[in-house]
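Please read the structure below before turning to the comments.
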Amino acid sequence: MIISMKLHATRQEIDEVRKQVEHFGYKVHSIEGEERVVIGVVGVGDVTACLESVEAMPQVEKVVRISAPYKFVSKEFRAGRTQIRVNGLAIGGDEFIVMAGPCSVESEKQIMQAAEGVAKAGAKMLRGGAFKPRTSPYDFQGMEVEGLKLLQKAKRATGLAIITEVMSDRDVDLIAEHADVMQVGARNMQNFVLLKALGKCGRPVLLKRGMSSTMKELLMSAEYVVAHGNPDVILCERGIRTFETATRNTCDIAAIPALNELTHLPIILDPSHATGKRSLVPAVARAGVAIGADGLIVEVHPAPEKAISDGAQSLDLIQFEKMMLDLRPYIELWETSRKSEALAAAN
Ligand code: PEP
Ligand code: MN
């Protein structure tokens, strides 16, 4: 159940509603917007008596019964799309956003070349891991703080917003100082300590689907971040693990419209990790545009053959430019349909 308070309800009025809910034995989680407070009610059993009682309180605007275990991220909570503002961009709006860059930040020359190349081809955000989750402890673990500084330098040179991975709650403040968007990797999708810390980081979060996670689990993880105070969560489909070995992961392309039915949060597709193979990336990216993703996150390296991580799935700058050109008519169609959707919703 979600309780939406009237605009500018006072602290005392909000506390009265909280107390009433607690009196029925439920827990509350509130989200304080700029104008309005929304209270999520969590608990088991039939909420009807509580709902009817709270509905009668004068300071309450609306009460909505929610069947899903996730509340704030559900479509029942908000029917339209959530737009997430990043550096003058709106993710989930009527512009298709492409994020691109290397798997890892490796050197100043590499990240500057990547940033300039992807910006020229039309990307709006630069990706690059400074803290890397690697399967082997003997593999390159990232340039860490030095990598964050290089990302900042690339941002100053190109104007691209920065998205980079955070692996530990201990690094949240440091990474939030340098990044515009905090990336949570597939391996950390259920790192609940990290998710709670990201609720207070003051930056949008891009949450990647765990490789063996269901959509419901992905939404529950998003709910953690939102319930802890941060409504700006972007979901990312990056392929799941199946019996298939011809591709690195199996791209669950249907997850995009399926998630769109369940949540108002924007959804980005990562065709690079979803396939593991450079030759497959443009076709899967095109599918992402056609099926209604809000954007893409693509691995691009100025010299993929020299990449320290994920070279096999990275496009070079020429291949990325060609992919962007080939995507253009699909993106134009996407943008036209988003604009008419927005018009229809306004009428
Ligand atoms: C990455 O984006 O480089 C990465 C490690 O992705 P994932 O968490 O999806 O494996
Ligand atoms: Mn990678």
Side-chain angles (χ1 to χ4, degrees), residues 1-86 90-93 166 169 172-173 175-177 179-182 184 192-205 207 219-235 262-266 345:
M1 185 172 105
I2 293 268
I3 303 162
S4 191
M5 299 297 297
K6 287 202 169 135
L7 281 184
H8 312 299
T10 65
R11 175 66 37 209
Q12 193 192 339
E13 289 167 335
I14 296 161
D15 285 344
E16 275 165 25
V17 172
R18 290 178 73 107
K19 273 200 207 108
Q20 185 68 352
V21 170
E22 281 159 2
H23 169 74
F24 279 91
Y26 300 110
K27 287 212 168 86
V28 297
H29 256 296
S30 45
I31 297 237
E32 314 238 341
E34 266 164 37
E35 297 183 317
R36 195 191 293 277
V37 169
V38 174
I39 301 173
V41 177
V42 189
V44 285
D46 183 10
V47 292
T48 309
C50 177
L51 185 146
E52 285 173 357
S53 154
V54 169
E55 221 166 23
M57 297 177 85
Q59 58 278 45
V60 169
E61 169 91 28
K62 200 161 94 184
V63 187
V64 184
R65 192 191 291 270
I66 301 222
S67 39
Y70 41 84
K71 296 183 187 295
F72 294 122
V73 307
S74 74
K75 207 76 181 181
E76 290 153 300
F77 176 62
R78 182 178 294 148
R81 295 178 194 277
T82 284
Q83 293 191 18
I84 294 176
R85 311 249 158 217
V86 180
I91 299 171
V166 55
D169 55 306
V172 166
D173 291 343
I175 294 179
E177 265 173 48
D180 296 290
V181 175
M182 315 281 279
V184 177
F192 301 117
V193 178
L194 174 61
L195 299 177
K196 286 183 200 173
L198 289 167
K200 305 269 177 283
C201 74
R203 298 272 186 211
V205 171
L207 181 63
L219 292 170
M220 290 305 285
S221 289
E223 183 84 5
Y224 258 90
V225 180
V226 180
H228 283 84
N230 184 354
D232 292 340
V233 180
I234 304 154
L235 304 174
L262 300 171
T263 182
H264 52 86
L265 297 176

Any luck finding a side-chain donor-acceptor pair between Gln83 and Arg85 under 3.5 Å?
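Yes, Arg85 and Gln83 have a side-chain donor paired with an acceptor closer than 3.5 Å.
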Identify the residue among Val172, Leu207, Val225 that makes a side chain to side chain contact (heavy atoms under 4.5 Å, CB included) with Met182.
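Among Val172, Leu207, Val225, the one meeting side chain to side chain contact (heavy atoms under 4.5 Å, CB included) with Met182 is Val172.
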Taking all non-hydrogen atoms of both residues into account, name the closest pair between [X] and [Y] and its distance.
X      : Y      : result
Val41  : Lys71  : O-CE, 2.8 Å
Ser74  : His264 : O-CD2, 3.1 Å
Pro266 : Gly92  : CB-CA, 3.9 Å

Can you tell me how far the [atom1] atom of [X] sits from the [atom2] atom of [Y], to the nearest 0.5 Å?
X      : Y      : atom1 : atom2 : answer
Ser4   : Ile31  : OG    : CD1   : 11.5 Å
Asp232 : Leu265 : CG    : CG    : 9.5 Å
Ser30  : Ile2   : OG    : CD1   : 11.0 Å
Cys50  : Tyr26  : SG    : OH    : 6.0 Å
His8   : Glu13  : NE2   : CD    : 12.0 Å

For the backbone of [Y] and the side chain of [X], can you confirm whether one donor and one acceptor N or O come within less than 3.5 Å of each other?
X      : Y      : value
Asp169 : Val193 : no
Glu223 : Val73  : yes
Arg81  : Gly93  : no

Taking the basic N atoms (NZ, or NE/NH1/NH2) and the acidic carboxylate oxygens, is any pair closer than 4.0 Å for Arg203 and Glu177?
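Result for this pair is no, no salt bridge flagged.
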Pair Ile66, Met1 - check side-chain contact (heavy atoms from CB on, under 4.5 Å), show working.
CA-CA 5 Å; Ile66 301 222; Met1 185 172 105; 5.9 Å; no
Those residues that, when tested against Lys200, pass side chain to side chain contact (heavy atoms under 4.5 Å, CB included) (two or more places apart)
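Partners of Lys200 by the side chain to side chain contact (heavy atoms under 4.5 Å, CB included) criterion, ordered by chain and then number, come out as His228.
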Can you list the residues that meet the side chain to side chain contact (heavy atoms under 4.5 Å, CB included) rule with Lys6, with sequence neighbours excluded?
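For Lys6, the residues satisfying side chain to side chain contact (heavy atoms under 4.5 Å, CB included) (neighbours in sequence not counted) are Glu61.
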Is there a side-chain contact (heavy atoms from CB on, under 4.5 Å) between Val17 and Val28 once you walk through the steps?
CA-CA 10 Å; Val17 172; Val28 297; over 6 Å; no
So Phe72 and Phe77, would you call those rings parallel, tilted or perpendicular, with 30° and 60° as cut-offs?
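Perpendicular: the ring planes of Phe72 and Phe77 meet at over 60°.
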Check the pair Tyr70 / Leu262 against side-chain contact (heavy atoms from CB on, under 4.5 Å), numbers first and verdict last.
CA-CA 10 Å; Tyr70 41 84; Leu262 300 171; 3.8 Å; yes
